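Scroll down for the structure; my scribbles are underneath it.
Naming: A, B, ... by sequence-line order, numbering from 1 per chain. This is a predicted model, so every value here is computed, not measured.
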Amino acid sequence: MRLTDTMSGQALEVEPLRAGHIGLYVCGVTPYSASHIGHAMSAIVYDVLVRYLRWPGNRAGGYEVTYVSNYTDVDDKLIDRGAELGIDPLALANANIEQWEREQAALGLLPPDVRPRVSTEIPAIVALIERIIAHGHAYSTPAGNVYFRVQSKADYGKLSHRSIEQLRTGTRFEPGEDKEFALDFALWKAMKPGEPHWTSPWGEGRPGWHIECSAMSQRYLGDTFDIHGGGIDLVFPHHENEVAQSEAATGRPFARLWVHNGMVLRDGEKMSKSLGNFVTVEDALARWSADAIRVFALSSQYRTPNNLTDDALEAAGRAVDRLATALEAKSTAERGAPSVDASEARARFVEAMEDDLNTAQALAAMFELARAINRGRDEGMDIAAAQHALYELAWVLGLRLERESVTTAIDATALAEAASRFGVAAGAEAETVEALLARRAEARAARDFATGDAIRAALDGLGIEVKDTPQGAEWTVRG
RNA sequence: GGCCACGUAGCCAAGUGGCAAGGCAGAGGUCUGCAAAACCUCCAUCACCGGUUCGAAUCCGGUCGUGGCCUCCA
């Protein structure tokens with residue numbers, strides 16, 4: 001499979017370091033507040049990448065994947081926020097992580113194999129900083145800070161395609177900083193009162209922002225590993241600094257391939273915590289199904305920005321219904337009837353996914369399969385195998401394609417009234433509805449369509465949709 | 001100002017040299033007592049200008065516009 005690599009700017013073939021195995025590291029969130037759709041978008045993209053890599057149906061026959069994604073639970077924003085709210089920053093991080101993990105499950109995101117946190121990886125971080133210092137690429141200061149010496153790495157800027165000279169313009173020393181050079185960045189920050197702190201060779205303090213990802217990725221995946229991913233806004237400075245630190249410590253290449261997903265926009269502007277224009281995952285899940293959110297995220301190429309609008313989500317929801325309907329279609333095929341052939345759609349799906357995770361085109365293949373299934377059903381063909389294939393492809397994209405479970409309660413009083421109006425005994429909810437439908441069937445059989453339609457209208461008023469099928473009436477409650 | 005993307009139908013969006021995928025919405029039709037679903041048909045000369053080519057949405061140059069990064073950010 002090919003993926004666009006940010007470092008080279010080229011779509012590169014994924015060639016595992018170790019045959020049949022892929023190591024993937026993805027930058028997770030800094031849990032200082034609730035997660036928003038942008039985080040979901042990113043998580044969905046890498047979730048689909050992992051699902052596809054593991055899928056035996058891919059061109060390589062399926063890889064074993066070690067998927068590592070971190071939580072940055074020690075950070076300036078967490079400390080600031082904690083101070084604002086008067087709670088311990090680690091407790092705040094914990095609470096937000098717990099919520100995000102519930103939301104991840106709701107979004108159908110497969111849990112990463114390892115979810116390291118800064119607070120539990122301090123020894124690895126300290127050890128890494130020591131190696132960087134030993135190689136002359138970092139220095140400690142009397143105040144107890146450790147900085148990375150940017151100018152010691154000739155290739156600094158190679159990921160984000162900029163030079164130290166370019167970056168230098170407009171960068172100034174902040175007052176009171178004890179760096180050698182304005183672009184040098186902190187690997188270790190000396191303790192300030194009231195902040196979380198750990199013991200280190202440089203005194204009490206805490207890790208800087210970028211070092212944790214170097215330490216965690218290398219600890220769990222090795223000095224060099226296959227794929228590193230994250231949001232495109234992390235390219236500089238976060239990932240640039242990660243490369244510099246990691247390669248400074250090991251003298252070996254860091255990630256072999258860098259994948260970056262595009263941002264979610266809201267009203268054409270980047271959605272971010274700092275701009276405050278975000279839609280939280282919680283709010284989104286209250287309005288739209290997980291499948292709809294996924295289809296929204298996957299209907300464009302992962303690198304292009306995705307503008308979140310109500311229309312787009314509603315359209316995605318209807319698109320999901322279309323796939324779900326094809327999956328639910330009941331076969332009327334006689335024994336020995338010809339089968340709907342899914343192999344073409346499947347091949348197109350695979351080809352799309354192999355080509356830089358082209359989920360938009362993969363979805364198109366699924367819609368074509370859905371149409372073939374519906375047509376096949378109308379023509380009395382055997383659709384079971386094709387439905388199974390569609391279900392399998394849906395799994396790869398993480399779509400459940402199940403009807404939403406009933407969440408809206410039916411107004412019991414109104415239902416009982418309807419029952420008495422049409423001369424039916426009221427009992428348990430489902431029984432009453434079934435009794436009303438039986439009454440309607442009688443009326444229709446007697447060609448008393450006025451009564452039949454009145455019952456349909458009454459049920460519709462209660463949020464119950466009635467659908468006539470050759471097997472009789474079916475009913476569903478609108479969610 | 002520097003670096004990187006992008007501009008395709010009413011909306012979302014794929015397509016990187018050879019008759020413009022797919023979804024949503026819309027129009028017409030089939031089926032149905034009705035309704036829903038489904039199926040069939042229809043709906044774009046690809047921001048603008050110039051160039052390369054037998055041939056360009058696709059390559060090159062320019063113009064205009066949008067977004068991201070250059071400070072925390074998925």
Side-chain angles (χ1 to χ4, degrees), chain A residues 6 9 26-30 32 35-46 69 72 75-77 80 157 160-163 165-172 174 183 209 229-238 240 260-265 268-275 278 295-296 298-301 303-309 311-323 325-326 328-329 348 352 355 358-368 370-371 373-379 444 447-450 452-453 456-457 460 465-470 473-474 476:
Chain A
T6 305
V26 177
C27 284
V29 302
T30 300
Y32 71 89
S35 293
H36 58 65
I37 288 291
H39 302 120
M41 164 89 188
S42 184
I44 288 167
V45 166
Y46 298 105
S69 187
T72 300
D75 163 90
D76 291 351
K77 290 218 155 150
D80 294 347
S160 57
H161 308 112
R162 42 196 109 181
S163 65
E165 214 32 62
Q166 277 169 2
L167 288 163
R168 202 176 173 170
T169 325
T171 308
R172 286 182 195 173
E174 295 294 322
L183 290 174
W209 176 34
I232 201 166
D233 56 347
L234 295 178
V235 173
F236 189 90
H238 186 57
E240 190 67 63
H260 290 102
N261 64 279
M263 299 291 98
V264 175
L265 311 180
E269 213 181 354
K270 180 184 167 185
M271 186 185 291
S272 74
K273 291 189 191 175
S274 38
L275 285 174
F278 55 86
V295 166
F296 164 74
L298 299 174
S299 65
S300 68
Q301 219 280 339
R303 271 175 296 121
T304 57
N306 212 347
N307 197 15
L308 176 71
T309 62
D311 284 352
L313 261 299
E314 273 154 34
R318 297 216 177 95
V320 167
D321 284 345
R322 186 170 169 74
L323 294 175
T325 301
E328 284 170 358
R348 195 182 156 197
D355 183 13
N358 193 333
T359 49
Q361 223 171 97
L363 276 168
M366 290 172 64
F367 285 113
E368 274 165 13
R371 177 179 285 110
I373 289 168
N374 289 329
R375 195 190 296 135
R377 177 208 50 200
D378 288 354
E379 292 169 359
R444 292 177 70 214
R447 302 197 68 77
D448 174 11
F449 295 120
D453 288 348
R456 174 199 287 285
D460 190 73
E465 267 176 63
V466 177
K467 197 164 115 181
D468 290 317
T469 75
E474 290 177 3
T476 50

For this session: Check every atom of B:C39, B:A21, B:G23 against the side chain of A:Phe367 and return the nucleotide holding the closest atom.
Result: B:G23
Problem set entry | Pair partner, B:A38 [Watson-Crick or wobble, under 3.5 Å] | B:U30
Problem set entry | Residue list, ring pair (Phe, Tyr, Trp, His ring centres under 6.0 Å) with A:Tyr46, at least two apart or on another chain | none
Exercise. Going by modelled atom types, is there a donor-acceptor pair between the base of B:C72 and the side chain of A:Asp233 at under 3.5 Å?
Worked result: no
Exercise. What is the distance, rounded to the nearest whole Å, between atom CZ of A:Arg322 and atom P of B:A21?
Worked result: 17 Å
Exercise. How far apart are the closest heavy atoms of A:Leu313 and A:Leu308, and which atoms are they?
Worked result: CD2-CD1, 2.9 Å
Exercise. Taking N and O atoms by type only, does the side chain of A:Arg371 place a donor or acceptor under 3.5 Å from a partner on the base of B:C39?
Worked result: no
Seminar exercise, completed: Per atom distances to the A:Lys270 side chain, the nearest of B:A21, B:C69, B:A74 is B:C69
Exercise. Within the structure shown, what part of the strands sits under 4.0 Å from A:Val264 by heavy-atom distance: base, sugar-phosphate, or nothing?
Worked result: base
Problem set entry | Base-pairing mate for B:A13 - Watson-Crick or G-U, with both contacts under 3.5 Å | none
Problem set entry | Any A:Lys467 side-chain nitrogen or oxygen under 4.0 Å from OP1 or OP2 of B:U32 | no
Problem set entry | Any A:Arg444 side-chain nitrogen or oxygen under 4.0 Å from OP1 or OP2 of B:C34 | no
Exercise. Under 4.0 angstrom, heavy atoms only, what part of the nucleic acid is A:Gly38 near: base, sugar-phosphate, or nothing?
Worked result: base
Problem set entry | Test salt bridge (Lys or Arg N to Asp or Glu O under 4.0 Å) applied to A:Glu314 - qualifying residues, sequence neighbours left out | none
Exercise. According to the 5.5 Å centroid and 30° plane-angle thresholds, does A:Phe449 stack upon the nucleobase of B:G33?
Worked result: yes
For this session: Go through the structure and list residues passing ring pair (Phe, Tyr, Trp, His ring centres under 6.0 Å) with A:His39, not counting sequence neighbours.
Result: A:His36
For this session: List for me each residue that meets side-chain contact (heavy atoms from CB on, under 4.5 Å) alongside A:Asn374, sequence neighbours excluded, and say none if there are none.
Result: A:Ala326, A:Ala329, A:Arg377
Seminar exercise, completed: Among B:A38, B:C34, B:G23, the one nearest any side-chain atom of A:Asp453 is B:C34
For this session: Could you check whether A:Val235 gets within reach of a base, just the sugar-phosphate, or nothing at all, counting any heavy atom under 4.0 Å?
Result: nothing
Exercise. Do the side chain of A:Glu240 and the main chain of A:Gly157 share a donor and acceptor less than 3.5 angstrom apart?
Worked result: yes
Write down the protein N/O and nucleotide N/O pairs, taken from nucleotides 15-17 of chain B, whose separation is under 3.5 Å; answer none if there are no such pairs.
unit_1 : atom_1 : unit_2   : atom_2 : d
B:G15  : OP1    : A:Asn358 : ND2    : 2.9

For this session: Answer yes or no: is there a donor N or O on one side and an acceptor on the other, between the side chain of A:Ser160 and the main chain of A:Val235, under 3.5 Å?
Result: no
Exercise. Under 4.0 Å between a side-chain N or O of A:Arg318 and OP1 or OP2 of B:A25?
Worked result: yes
Problem set entry | Pairing partner (Watson-Crick or G-U wobble, both distances under 3.5 angstrom) of B:C3 | B:G68
Exercise. In whole angstrom, what separates A:Arg168's CZ from B:U71's P?
Worked result: 14 Å
Exercise. So what does A:His36 touch, heavy atoms closer than 4.0 Å: a base, only the sugar-phosphate, or nothing?
Worked result: base
Seminar exercise, completed: Taken to the nearest whole Å, CG/A:Asp75 to C1'/B:A74 is 14 Å
Exercise. Using atom C1' of each nucleotide, how far apart are B:G10 and B:G50 to the nearest Å?
Worked result: 31 Å
For this session: Apply the test side chain to side chain contact (heavy atoms under 4.5 Å, CB included) to residues A:Asp460 and A:Val466: give CA-CA distance (whole Å), side-chain angles for both, the deciding distance (0.1 Å), then the verdict.
Result: CA-CA 8 Å; A:Asp460 190 73; A:Val466 177; over 6 Å; no
For this session: Provide the distance between the two P atoms, one in B:C60 and one in B:C42, to the nearest whole Å.
Result: 35 Å
Exercise. Which part of the nucleic acid does A:Met271 contact within heavy-atom distance under 4.0 Å: base, sugar-phosphate only, or nothing?
Worked result: base
For this session: Mind calculating the distance between CG (A:Asp448) and C1' (B:C34) to the nearest angstrom?
Result: 13 Å
Problem set entry | Atom pair distance, as rounded to whole Å: CG in A:Leu313 and C1' in B:G23 | 14 Å
Exercise. Between A:Glu368 and A:Arg371, is the closest basic N to carboxylate O distance under 4.0 Å?
Worked result: no
Exercise. Between B:C31 and B:A37, how far is it from one C1' atom to the other, in whole Å?
Worked result: 11 Å
For this session: Could you list the residues that satisfy salt bridge (Lys or Arg N to Asp or Glu O under 4.0 Å) with A:Asp468, not counting sequence neighbours?
Result: A:Arg440, A:Arg444, A:Arg456
For this session: Under 4.0 Å between any heavy atoms, over every strand shown, what does A:Asp378 touch: base, sugar-phosphate, or nothing? Just pick one.
Result: sugar-phosphate
Exercise. A:Asn261 side chain to A:Met41 main-chain N or O, any donor-acceptor pair under 3.5 Å?
Worked result: no
Exercise. If you look at every strand shown and take non-hydrogen atoms under 4.0 Å, does A:Phe236 touch a base, only sugar-phosphate, or nothing?
Worked result: sugar-phosphate
Nucleotide N/O of nucleotides 2-12 of chain B paired with protein N/O under 3.5 Å:
unit_1 : atom_1 : unit_2   : atom_2 : d
B:C3   : O2'    : A:His161 : O      : 3.2

For this session: Tell me which of A:Ala450 and A:Ala370 sits closer to the 5' end of RNA chain B, going by the nucleotide each one is nearest to.
Result: A:Ala450
Exercise. On RNA chain B, nearest-nucleotide positions of A:His39 versus A:Ser300: which is more 5'?
Worked result: A:Ser300
For this session: May I ask you to say what A:Glu465 touches in the nucleic acid, namely base, sugar-phosphate or nothing, with a heavy-atom cut-off under 4.0 Å?
Result: nothing
For this session: Rounded off to whole Å, could you give me the CD-to-P distance for the A:Glu240 and B:C69 pair?
Result: 16 Å
Problem set entry | Nearest to side-chain heavy atoms of A:Asp468, which nucleotide of B:A35, B:A21, B:A38 | B:A35
Exercise. Can you name the salt bridge (Lys or Arg N to Asp or Glu O under 4.0 Å) partners of A:Arg162, sequence neighbours left out?
Worked result: none
Exercise. Expressed as a whole number of Å, how far does the C1' atom of B:C46 sit from that of B:U8?
Worked result: 4 Å
Exercise. Is there a Watson-Crick or G-U wobble partner for B:A47 with both distances under 3.5 Å, and which nucleotide is it?
Worked result: B:U63
Exercise. So what does A:Arg375 hit on the nucleic acid, given a heavy-atom distance under 4.0 Å: a base, only sugar-phosphate, or nothing?
Worked result: sugar-phosphate
For this session: For nucleotides B:C59 and B:G18, find the distance between their C1' atoms and express it as a whole number of Å.
Result: 15 Å
For this session: State which residues pass salt bridge (Lys or Arg N to Asp or Glu O under 4.0 Å) with A:Arg375; sequence neighbours excluded, sorted by chain then number.
Result: none
Problem set entry | Pair assignment for B:C54, Watson-Crick or G-U wobble, requiring both distances under 3.5 Å | B:G18
Exercise. A:Asp460 has an atom CG; how far is it from atom C1' of B:C34, in whole Å?
Worked result: 13 Å
